[in-house]
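Hydrogens, waters and symmetry mates are skipped; everything else that's a heavy atom, side chains included, is used. Heads up: numbering here begins at 1 and tracks the sequence. Fair warning: this is a prediction, and the values are worked out from it, not measured in the lab.
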Amino acid sequence: MRFNELELSERLLIARRGTSYLSQRLAELTDDELDGPTLLDGWSRRHLVAHIGYNAAALCRLMDWAATGVETPMYASTDQRAQEIAEGATLSPAALRNLFAHTVARLDEKWRNLPDSAWQAQVRTAQGRLVPAEESAWMRTREVWIHAVDLGNGGRFGDFPEVVLDSLLDDIVGMWRKKDLGAGLALEVEGRAPVIVKDAEVTQKVQGSLASVVRWAAGRGAVGVTGGEVTPPRWL
């Protein structure tokens, strides 16, 4: 079962579960610990929390687009996105936590109030893809579950629902193939047939549990895998 095969209500529930999981990790951090590093190069926890908050606000704009038909991009430009994150990282701990809580609540409200007919309305992602508004459930799911790990205080890929892990693996491998990356790479999840990224001779095998292989493929470290010494191709 993949994420997009679930009923919309189930997809939104998984996104909300991910938000709760991330919220718990954030609540466990002291204000001083917000200055600490994340698993993302160059970003403190402050940068990451600001990004997660403003991502929710950007998805709210897509929900407005779907509801009204008036084009409302996620971001006016890539510069705007970067500036938001940089400025958000300078907020006080209380303001930063409020930004997260407020934007999360706003997005949930937009989801709850979006008319049934609007979920299929076409909106544009920050990468320029036209997708139905219901794609926002996966976009947010991916953000909150992975970034809960990126906070670096106990989040684990092993805590993700299996459908999220399977769908992440599909996303990552699909993106590698689209970018013509990963030649010679095979991902071998325990108990499953190998996933050959490109139609070429296999020169690197990464083996482990589903959670461990997805963690490696997502660029979050070779924890619990064999053959993961090489850095994986970028996927986003």
Side-chain angles (χ1 to χ4, degrees), residues 1-20 22 48 50-85 88 99-100 102-148 160-182 197 214 217-219 233-236:
M1 179 70 72
R2 296 298 188 265
F3 191 84
N4 63 6
E5 296 171 342
L6 299 173
E7 294 292 333
L8 177 60
S9 60
E10 295 177 279
R11 285 177 268 158
L12 293 172
L13 177 60
I14 291 172
R16 290 172 176 129
R17 283 177 57 196
T19 298
S20 296
L22 172 60
L48 185 56
H51 162 65
I52 298 164
Y54 287 124
N55 172 263
L59 290 175
C60 285
R61 290 192 280 273
L62 291 190
M63 296 304 95
D64 289 341
W65 181 349
T68 65
V70 177
E71 183 170 348
T72 315
M74 291 184 71
Y75 305 100
S77 66
T78 53
D79 288 343
Q80 180 213 352
R81 176 180 178 275
Q83 184 176 354
E84 278 185 343
I85 295 169
L99 167 69
F100 173 81
H102 178 67
T103 53
V104 162
R106 274 184 57 212
L107 178 57
D108 198 59
E109 180 184 17
K110 299 285 186 184
W111 278 342
R112 284 188 283 107
N113 293 329
L114 192 68
D116 290 345
S117 59
W119 285 104
Q120 294 303 316
Q122 295 288 299
V123 296
R124 194 179 304 279
T125 71
Q127 291 76 37
R129 293 187 304 121
L130 277 175
V131 298
E134 65 178 2
E135 183 74 8
S136 63
W138 174 242
M139 293 164 66
R140 189 60 176 172
T141 292
R142 191 172 61 189
E143 289 281 333
V144 292
W145 284 104
I146 292 180
H147 286 327
F160 294 15
E162 185 172 334
V163 67
V164 173
L165 292 172
D166 281 330
S167 300
L168 280 171
L169 194 59
D170 286 349
D171 247 23
I172 293 168
V173 172
M175 192 60 69
W176 287 342
R177 289 170 175 162
K178 183 177 180 181
K179 295 180 177 181
D180 200 24
L181 300 173
V197 177
V214 173
R234 291 205 53 166
W235 65 292
L236 283 179

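How far CZ of F160 is from CG of D166: 13.0 Å, rounded to the nearest 0.5 Å.
Remark: side-chain polar atoms of S167 are not paired, donor with acceptor, to backbone N or O of V164 under 3.5 angstrom. At least one donor-acceptor pair under 3.5 Å links the side chain of Q80 to the backbone N or O of A76.
Under the side-chain hydrogen bond (donor to acceptor under 3.5 Å, both in side chains) criterion, W235 pairs with no residue at all, not counting sequence neighbours. Contacts of H51 classified as ring pair (Phe, Tyr, Trp, His ring centres under 6.0 Å), with partners at least two apart in sequence or in another chain: W43, H147. Residues passing the ring pair (Phe, Tyr, Trp, His ring centres under 6.0 Å) test with F3 are W138, sequence neighbours excluded. Among residues two or more places apart in sequence or in another chain, the side chain to side chain contact (heavy atoms under 4.5 Å, CB included) test is passed with Q127 by T125. Take W65 and apply the ring pair (Phe, Tyr, Trp, His ring centres under 6.0 Å) test, not counting sequence neighbours, and it matches no residue. For R234, the salt bridge (Lys or Arg N to Asp or Glu O under 4.0 Å) criterion is met by no residue, not counting sequence neighbours.
Between L114 and W119 the shortest side-chain heavy-atom distance falls below 4.5 Å. In this structure, the side chains of M63 and W111 come closer than 4.5 Å at one or more pairs of heavy atoms. Looking at heavy atoms from C-beta onward, D108 lies in side-chain contact with R16 at the 4.5 angstrom threshold.
Side-chain atoms of R140 and N55 include a donor-acceptor pair closer than 3.5 Å.
Other residues, nucleotides and ligands place no more than 12 heavy atoms under 6.0 Å from the CG atom of D116.
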Report the C-alpha distance between W145 and L168 in whole Å, list the side-chain angles of each, state the deciding distance to 0.1 Å, and finish with yes or no for side chain to side chain contact (heavy atoms under 4.5 Å, CB included). CA-CA 10 Å; W145 284 104; L168 280 171; 5.8 Å; no

